[in-house]
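A short write-up of the structure that comes next.
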Amino acid sequence: QVQLQESGPGLVKPSQTVSLTCTVSGASMLTGFYYWAWIRQPPGKGLEWMGVISYSGSTYYSPSLKHRTYIARDTSKNQVTLQIVSVIPEDTAVYYCAALKTLILGATDRNLYDYWGQGTQVTVSS
C-alpha cells in the first residue's frame, strides 16, 4: 500500500521561503516509475497544479509558478520536496503531493492520480 504524507511549517511570513516534504512509503521512488506532483488548493478555490518530478529526476513546472517553485527528490529518504521562495499571502493553501504513472502536465483531477496525500496547510501571514 503506497502512502504519501506531506509535512511543512504551517505558518510562514511573507517574503520567506517555505519548504514542504512528501514522504513516500510502500514504494521506491527509483523503481516505481511514478511521476510525483504537487497540487495546492487555496481557501475557497479549486485545485492548482504546481509541478511534477519524474522517477528520473526531470522536473516540469506551472508557467505561473516556475520562477518561484522548486521540486526535488531525495531517493535515499524516499521523499519529494517543494520549495516556494518569496511567499505571498496568495500562497496560502492546502498543499498535496500525488503520484501517477503517466506524465500529464497540469492535471488536477484526483481520478487521474494513483495516490494522493492528505495535504498540509500552509498559511502565509505576518
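These figures come from a predicted structure and were not determined experimentally.
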Would you compute the distance between atom CG of Leu11 and atom CD of Gln16 and round it to the nearest 0.5 angstrom?
8.5 Å
Nearest-0.5 Å distance that lies between atom CZ in Phe33 and atom OG in Ser28:
9.5 Å
Gln83, CD atom: more than 12 neighbouring heavy atoms under 6.0 Å
yes
Flag the pair Ser15 / Ser86 as yes when at least one side-chain heavy-atom distance between them is below 4.5 Å, and no otherwise.
no
Considering only residues two or more places apart or on different chains, which pairs with a residue in residues 78-102 satisfy ring-ring contact (aromatic ring centres under 6.0 Å, His included)?
Tyr96-Trp116
Cluster overlap Val2 with Trp38, hydrophobic side-chain contacts below 4.5 Å
yes
Dump the intermediate steps for side chain to side chain contact (heavy atoms under 4.5 Å, CB included) on Thr120 and Ser7, then the final yes or no.
CA-CA 6 Å; Thr120 186; Ser7 60; 5.5 Å; no
Same cluster or not: are Trp36 and Met50 linked, directly or through other Ile, Leu, Val, Met, Phe, Trp or Tyr residues, by side-chain heavy atoms under 4.5 angstrom apart?
yes
Residues 7-26 vs ring-ring contact (aromatic ring centres under 6.0 Å, His included), sequence neighbours excluded, gives none
To the nearest 0.5 Å, tell me how far Thr17 OG1 sits from Arg68 CZ.
10.0 Å
Rounded to the nearest 0.5 angstrom, the CG-CD1 distance for Leu20 and Ile84 is 6.0 Å
Is there a chain of hydrophobic side chains (I, L, V, M, F, W, Y, each step under 4.5 Å between heavy atoms) that links Trp49 to Leu100?
yes
Value rounded to 0.5 Å, distance of CG in Asp91 from OG1 in Thr69:
7.5 Å
Search all heavy atoms of Ala93 against all heavy atoms of Pro43 and return the closest pair with its distance.
CA-CD, 4.4 Å
In terms of heavy-atom contacts, does NZ of Lys66 have more than 12 from other residues, nucleotides or ligands at under 6.0 Å?
no
Side-chain donor-acceptor pairs under 3.5 Å in residues 54-62, sequence neighbours left out?
from: Ser54; atom 1: OG; to: Ser56; atom 2: N; distance (Å): 3.1
from: Ser54; atom 1: OG; to: Ser56; atom 2: OG; distance (Å): 2.9
from: Ser54; atom 1: OG; to: Gly57; atom 2: N; distance (Å): 3.2
from: Ser54; atom 1: OG; to: Ser58; atom 2: N; distance (Å): 3.0
from: Tyr61; atom 1: OH; to: Ile71; atom 2: N; distance (Å): 2.8
from: Ser62; atom 1: OG; to: Ser64; atom 2: N; distance (Å): 3.4
from: Ser62; atom 1: OG; to: Ser64; atom 2: OG; distance (Å): 3.0

Within the 3.5 Å criterion, strictly below it, is a donor on Gln5 or Thr23 matched to an acceptor on the partner's side chain?
no
Tell me, with the steps shown, if Ser19 and Thr81 meet side chain to side chain contact (heavy atoms under 4.5 Å, CB included).
CA-CA 7 Å; Ser19 295; Thr81 58; over 6 Å; no
Carefully, step by step, assess Val24 and Tyr115 under the rule side chain to side chain contact (heavy atoms under 4.5 Å, CB included).
CA-CA 10 Å; Val24 181; Tyr115 305 104; over 6 Å; no
Nearest-0.5 Å distance, CD1 of residue Ile104 to OH of residue Tyr35
10.5 Å
Between Val85 and His67, which heavy-atom pair has the shortest distance, and what is it?
CG2-O, 4.5 Å
Under 3.5 Å: donor-acceptor pair, side chain of Gln41, backbone of Val94
no
Determine, step by step, whether Ile88 and Val124 satisfy the side chain to side chain contact (heavy atoms under 4.5 Å, CB included) criterion, reporting the C-alpha distance in whole Å, the side-chain angles of both residues, the deciding distance to 0.1 Å, and the verdict.
CA-CA 6 Å; Ile88 57 178; Val124 181; 5.6 Å; no
Which residue pairs pass the salt bridge (charged side-chain N to carboxylate O under 4.0 Å, His left out) test with at least one member in residues 41-56, sequence neighbours excluded?
Arg40-Glu48
Answer with yes or no whether the hydrophobic clustering places Leu112 together with Ile39; edges join I, L, V, M, F, W, Y residues whose side-chain heavy atoms lie under 4.5 Å apart.
yes
Hphob cluster co-occupancy, Tyr113 + Tyr34, side-chain heavy atoms under 4.5 angstrom:
no
Determine which pairs satisfy disulfide (SG to SG under 2.5 Å) with at least one residue from residues 2-80, sequence neighbours left out, and list them in order.
Cys22-Cys97
Is Lys77 close to Thr21 at the side-chain level, that is, under 4.5 Å between some pair of heavy atoms?
no
Which residue pairs pass the disulfide (SG to SG under 2.5 Å) test with at least one member in residues 31-68, sequence neighbours excluded?
none
